[in-house]
Protein chains: 2
Amino acid sequence: METIEQVLESKNIRVTAMRMLIYKFLVEKEVAVTLSDIENAFVKADRTTLYRTIKTFEEKVIVHQIDDGTGITKYALCEEGCNCDIKNDLHLHFHCNNCNETICLTEHKIPQIKVPDGFVSENVNLVVKGICDKCSG
Amino acid sequence: METIEQVLESKNIRVTAMRMLIYKFLVEKEVAVTLSDIENAFVKADRTTLYRTIKTFEEKVIVHQIDDGTGITKYALCEEGCNCDIKNDLHLHFHCNNCNETICLTEHKIPQIKVPDGFVSENVNLVVKGICDKCSG
DNA sequence: TAACAAATGCACTTCCATTGCACTTACTAT
DNA sequence: ATAGTAAGTGCAATGGAAGTGCATTTGTTA
């Protein structure tokens, strides 16, 4: 089991207290979070720091951005060996219309989508909306 | 060939000069447009009017909203007999990373997506990103 | 044509995303 | 160890898009 420090270092991210806390927060959360979620969890920290931290994590492919159609971008941890930036290796996301939470369905790969001649598909964003397991139970 | 008036009337939308112009604009554009696009095309009209007009069109299922991941909602005309509000009848959208335009691929239906047990799929947002036919040529 | 309903225009407000700059903290090379 | 540099953090402010309240105008109907 890697420590948080090791995770950050292996991705060439400088280790700071703030970054470790935010990483820990993301690990504990099982759903995608908004910047506001992080803000509420760390009221003592500045919004900008949180914003830039998440941007750094994004660049270094520790988290990926999710656009679930709520208009607010969310973030979630990448899986081990996640290739968020490589086409056709993206998983889909599920957005619950009831609890408003968004989760990664990492085991569900996106099917190949055919596009017309002349179009080149580079990547695919797929969000399924409905009722999640917790809300439908 | 229906006139614009007839189209609007058939959808129970009051015919006004502004609405006819905006409808005409949407017909002529072959890609999804943002509110700003409409704004730039009708500088003399007020933003609110354009905003509410498009909202009216949306309610009456003349246009549908597209979330292509740019963060700005776009709008495009619905096809004849479009069932934008009915699940599983949605077409997919293609967003060009080069020219930044988004088009409807109406003939391409979204494949059935399997979700885990306990999850209920209500609808699906699928955006393919890449290079469009104009830009790849 | 009077009366009512809907459409339009103006002025705000809110919310999220983003940036500039000053200050502080952490790494690096002597 | 320590000075110097690069990166991280905090504060303040900006910008863009979305949305709302209210007064005015336009259109429909009795």
Side-chain angles (χ1 to χ4, degrees), chain A residues 4-26 32-60 62-76 95 100 102, chain B residues 4-26 32-60 62-76 95 100 102:
Chain A
I4 296 180
E5 282 97 329
Q6 286 169 341
V7 173
L8 295 180
E9 276 167 4
S10 72
K11 299 276 185 176
N12 284 316
I13 300 176
R14 259 190 173 158
V15 178
T16 69
M18 201 66 249
R19 287 175 177 178
M20 289 198 291
L21 285 171
I22 295 177
Y23 185 84
K24 188 160 173 286
F25 175 74
L26 291 170
V33 298
T34 65
L35 195 56
S36 296
D37 291 335
I38 304 178
E39 226 182 313
N40 293 334
F42 301 96
V43 284
K44 280 179 285 187
D46 187 74
R47 198 189 149 71
T48 314
T49 303
L50 305 174
Y51 173 74
R52 286 200 258 240
T53 299
I54 213 74
K55 286 291 164 192
T56 302
F57 283 5
E58 207 185 335
E59 267 174 36
K60 305 291 187 176
I62 273 194
V63 302
H64 60 276
Q65 199 172 324
I66 303 165
D67 176 6
D68 63 6
T70 55
I72 303 163
T73 55
K74 296 185 177 175
Y75 303 90
H95 176 74
N100 206 34
T102 298
Chain B
I4 295 180
E5 282 97 329
Q6 285 169 342
V7 172
L8 296 181
E9 277 167 3
S10 73
K11 299 276 185 177
N12 283 316
I13 300 177
R14 259 191 175 158
V15 178
T16 69
M18 201 65 250
R19 288 175 175 178
M20 289 198 290
L21 285 172
I22 295 177
Y23 185 85
K24 189 159 172 288
F25 176 74
L26 291 170
V33 298
T34 65
L35 197 55
S36 296
D37 291 335
I38 304 178
E39 227 181 310
N40 293 333
F42 300 97
V43 284
K44 280 179 288 187
D46 187 73
R47 233 183 58 75
T48 314
T49 304
L50 304 174
Y51 172 73
R52 287 200 257 239
T53 300
I54 214 74
K55 286 292 164 194
T56 302
F57 283 6
E58 208 186 333
E59 267 173 34
K60 304 293 186 177
I62 272 194
V63 302
H64 60 275
Q65 199 171 324
I66 303 166
D67 176 6
D68 64 5
T70 55
I72 303 162
T73 54
K74 296 185 178 176
Y75 303 90
H95 176 74
N100 206 34
T102 298

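Throughout, protein chains are lettered first and strands after them, A, B, ... in sequence-line order, and every chain is numbered starting at 1.
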### Query
Between atom CD1 of B:Ile72 and atom CG of B:Asn100, what is the distance when rounded to the nearest 0.5 Å?
8.0 Å
### Task
Calculate, to the nearest 0.5 Å, the distance between atoms OG1 and CD belonging to B:Thr56 and B:Glu58 respectively.
9.5 Å
### Query
What is the nucleic acid contact for B:Thr73, judged by heavy atoms within less than 4.0 Å: base, sugar-phosphate only, or nothing?
sugar-phosphate
#### Entry: Intermediate values then yes/no, side-chain contact (heavy atoms from CB on, under 4.5 Å), B:Phe57 and B:Arg19
CA-CA 9 Å; B:Phe57 283 6; B:Arg19 288 175 175 178; 4.2 Å; yes
### Query
D:dG27 base to B:Arg19 side chain: any donor-acceptor pair below 3.5 Å?
no
### Message
What's B:Thr53 touching, base or sugar-phosphate or nothing? Going by heavy atoms closer than 4.0 Å.
### Response
sugar-phosphate
### Query
Rounded to the nearest Å, what distance is computed from the OH atom of residue A:Tyr75 to the P atom of nucleotide C:dC16?
12 Å
### Query
How long is the line joining CZ of A:Phe42 and P of D:dT9, in whole Å?
12 Å
#### Entry: Polar pair under 3.5 Å, donor/acceptor by atom type, side chain B:Thr48, base C:dC10
yes
### Query
Taking the nucleotide of DNA chain D with the closest heavy atom to each, which residue, B:Arg52 or B:Thr16, is nearer the 5' end?
B:Arg52
### Query
Taking the nucleotide of DNA chain D with the closest heavy atom to each, which residue, B:Ala17 or B:Ser36, is nearer the 5' end?
B:Ser36
### Message
Between P on D:dG10 and CD1 on A:Ile38, what's the gap in Å once rounded to a whole number?
### Response
14 Å
### Query
Taking C-beta and beyond as the side chain, do B:Asp67 and B:Lys74 meet within less than 4.5 Å on heavy atoms?
no
### Task
Determine: side-chain N/O of A:Lys55 to OP1/OP2 of C:dA17, distance under 4.0 Å, yes or no.
no
### Task
Can you tell me the distance, in whole Å, between the CD1 atom of A:Ile54 and the P atom of C:dT18?
13 Å
### Query
Counting side-chain heavy atoms from CB outward, which of C:dA7, C:dA17, D:dT9 is closest to A:Thr49?
D:dT9
### Message
Counting only heavy atoms from other residues, nucleotides and ligands, does the tally under 6.0 Å from NZ of B:Lys55 exceed 12?
### Response
yes
### Message
Nearest whole Å is fine: how far is D:dG19 P from B:Leu50 CG?
### Response
15 Å
### Distance in angstrom units between A:Tyr51 OH and D:dG15 P, rounded
16 Å
### Message
Expressed as a whole number of angstroms, how long is the span from A:Arg47:CZ to C:dT18:P?
### Response
10 Å
### Query
For A:Lys44, which contact category applies under a 4.0 Å heavy-atom criterion: base, sugar-phosphate, or nothing?
nothing
### Nucleotide C:dT19, atom C1' - distance to CG of A:Asp46 in whole Å
13 Å
